[in-house]
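We use all heavy atoms of the structure for the numbers below, so side chains are in, but hydrogens, waters and symmetry mates are not.
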Amino acid sequence: MATTLRSPAVSSRTRRRVSPWVYVFVLPTVVLFGMYTIWPSVSSVFYSMLSWRGLGVDRTFTGTANFERALTDPLFWRSVQVTMLVIVVTVPIRLAASLLLAIMLNNPRLPLARLLRTAFFIPVVATTAIVGIVMGFVLDPSSGPVNAALELVGLPPVDFLGSSSTALQSVMAVHVWKWLGITMIYWLAALQTVPVDLYEAAEIDGANAWARFTHITMPLLVPFIVIIGMLTVVETMQIFDLVLTMTGGGPFFSTLVTEVYIYQQAFAASNPNLGYAAALGVLFGIFTVIVVGVMLLLVRVVRGRQEGAA
């Protein structure tokens, strides 16, 4: 049977004929990305150099005055500290707990594994603002079911969200529970790359579960640890809606993350200043880029070491 070969000229003409459709299909995404991501980012830099309440056309150019104010604002640095504390505490817990769950649910011999995966993932699908409102009722010191359970065992009620000593811990616990499922999915996807033959060979050689985990699972998951960690850090920095609905940044600024502080300056202050809020947003964006850049550098270092070892 004769084989028909397509000449380079025909292939080139075909690509030129198809390529306009590619731009047509990509155009909506480009337009929406420009409208809702690129333009707000650029305009925030412009607004950050203004003294503007956000209403009317009465705007005064102030240059870097908003940034100078932000760098000397104790509440801004307090919000950065709270945000960093949330990251430092919740990210390791999410990574470790979700990895343990993923390993358990990745076992094909585990009964109801699919049902359990769905159960752990359901909180991810729920709207974060709704979760925050519901958890406010659940943790209510007078009528919440958690304090009712404490009273049944003879313990005094605890004002989880009304005390500065427990509010941040309560928000972090809800945050971990809410997003544990998505990190578990990341780990499950990573575990699919580990050859099952290695586990079977290790079992034949008499390796127990801990030996298989330390000598097979963890070494092969090293490339994914930094990537999943980076995704988890970025998700954790976006804790605005949960904090706003549960505590509003209080009590006594104990849960005041940076996003909530920016919102307060822009919309909830008695004398709102959209220009100052934009400056805070720009600084927080720079902080986010630095964190992501460090994580990407770690990814490159890990990959370089693996390629060198290979």
Show your reasoning for whether side-chain contact (heavy atoms from CB on, under 4.5 Å) applies to Ile239 and Val171.
CA-CA 9 Å; Ile239 196 174; Val171 172; 4.3 Å; yes

Give me the one residue out of Val233, Thr232, Thr90 that meets side chain to side chain contact (heavy atoms under 4.5 Å, CB included) with Leu95.
Thr232

Expected output: side-chain Asn147 to main-chain Asp140 donor-acceptor under 3.5 Å:
yes

Calculate, to the nearest 0.5 Å, the distance between atoms CG and CZ belonging to Leu198 and Arg212 respectively.
12.0 Å

From CD1 (Ile182) to CH2 (Trp187), nearest 0.5 Å:
13.5 Å

Are Tyr261 and Trp77 connected, step by step, through hydrophobic side chains (Ile, Leu, Val, Met, Phe, Trp, Tyr) whose heavy atoms are closer than 4.5 Å?
yes

Does any part of the side chain of Ile262, heavy atoms only, come nearer than 4.5 Å to the side chain of Thr258, both counted from C-beta?
yes

Main-chain N/O of Ala211 paired with Thr214 side-chain donor or acceptor, under 3.5 Å:
yes

Give the minimum heavy-atom separation between Val124 and Lys178, together with the two atoms involved.
O-NZ, 3.1 Å

Intermediate values then yes/no, side-chain contact (heavy atoms from CB on, under 4.5 Å), Leu188 and Leu101
CA-CA 9 Å; Leu188 283 171; Leu101 280 176; over 6 Å; no

Taking all non-hydrogen atoms of both residues into account, name the closest pair between Phe224 and Ala190 and its distance.
CG-CB, 3.7 Å

Do Val26 and Tyr36 share a hydrophobic cluster, counting only Ile, Leu, Val, Met, Phe, Trp and Tyr and linking them when any side-chain heavy atoms are less than 4.5 Å apart?
no

Any non-hydrogen side-chain atom of Gln169 less than 4.5 Å from a side-chain atom of Phe160?
no

Nearest 0.5 Å, please: how far is CD in Gln265 from CG in Asn66?
10.5 Å

Ignoring hydrogens, what is the shortest heavy-atom contact between Pro251 and Ser164? Give both atom names and the distance.
CG-N, 3.5 Å

If you count the non-hydrogen atoms of other residues, nucleotides and ligands that lie under 6.0 Å from CZ in Phe121, is the total more than 12?
yes

Under 4.5 Å between any side-chain heavy atoms of Val138 and Val174, yes or no?
no

To the nearest 0.5 Å, how far apart are CG in Leu296 and CD1 in Ile227?
9.0 Å

If you apply the rule side-chain contact (heavy atoms from CB on, under 4.5 Å), what do you find for Leu191 with Thr217, and how did you get there?
CA-CA 8 Å; Leu191 288 171; Thr217 305; 3.8 Å; yes

Verify whether one side chain among Thr255 and Thr247 offers a donor that lies under 3.5 Å from an acceptor in the other.
yes

Supply the atom-to-atom distance Leu256 CG to Phe76 CZ, rounded to the nearest 0.5 angstrom.
11.0 Å

Checking Asn273, Leu274, Asn271 against Arg53 for side chain to side chain contact (heavy atoms under 4.5 Å, CB included), the one that qualifies is Asn271

Side chain proximity check, Leu283 to Phe67, heavy atoms < 4.5 angstrom
yes

If two hydrophobic side chains count as joined below 4.5 Å and joins carry through other members, does Ile286 share a cluster with Leu71?
yes

If two hydrophobic side chains count as joined below 4.5 Å and joins carry through other members, does Val125 share a cluster with Leu180?
yes

Just wondering, do Met172 and Val243 contact through their side chains at under 4.5 Å, heavy atoms?
no

Roughly how far, to the nearest 0.5 Å, is the CG atom of Leu75 from the CD atom of Gln81?
11.0 Å

Heavy-atom side-chain contact between Trp179 and Thr236 under 4.5 Å
no

Should Thr193 and Leu220 count as side-chain neighbours, where that means a heavy-atom distance under 4.5 Å?
no

Is a side-chain N or O of Gln238 found less than 3.5 angstrom from the main chain of Glu259, in a donor-acceptor match?
no

Is the number of heavy atoms from other residues, nucleotides or ligands within 6.0 Å of CZ (Phe253) greater than 12?
no

Do Val234 and Leu231 come close enough that some side-chain heavy atom pair is under 4.5 Å?
no

Distance-minimising heavy-atom pair for Pro40 and Met35
CD-O, 3.2 Å

Apply side-chain contact (heavy atoms from CB on, under 4.5 Å) to the pair Leu99 and Phe213, showing each step before the final yes or no.
CA-CA 11 Å; Leu99 176 59; Phe213 174 76; 4.3 Å; yes

Would a single hydrophobic cluster contain both Val80 and Leu85, if residues Ile, Leu, Val, Met, Phe, Trp and Tyr are joined by side-chain heavy-atom contacts under 4.5 Å?
yes

Taking all non-hydrogen atoms of both residues, which atom of Val45 and which atom of Ser48 are closest, and how far apart?
O-OG, 2.5 Å

Closest contact, heavy atoms only, Val260 versus Leu244:
CG2-N, 4.3 Å

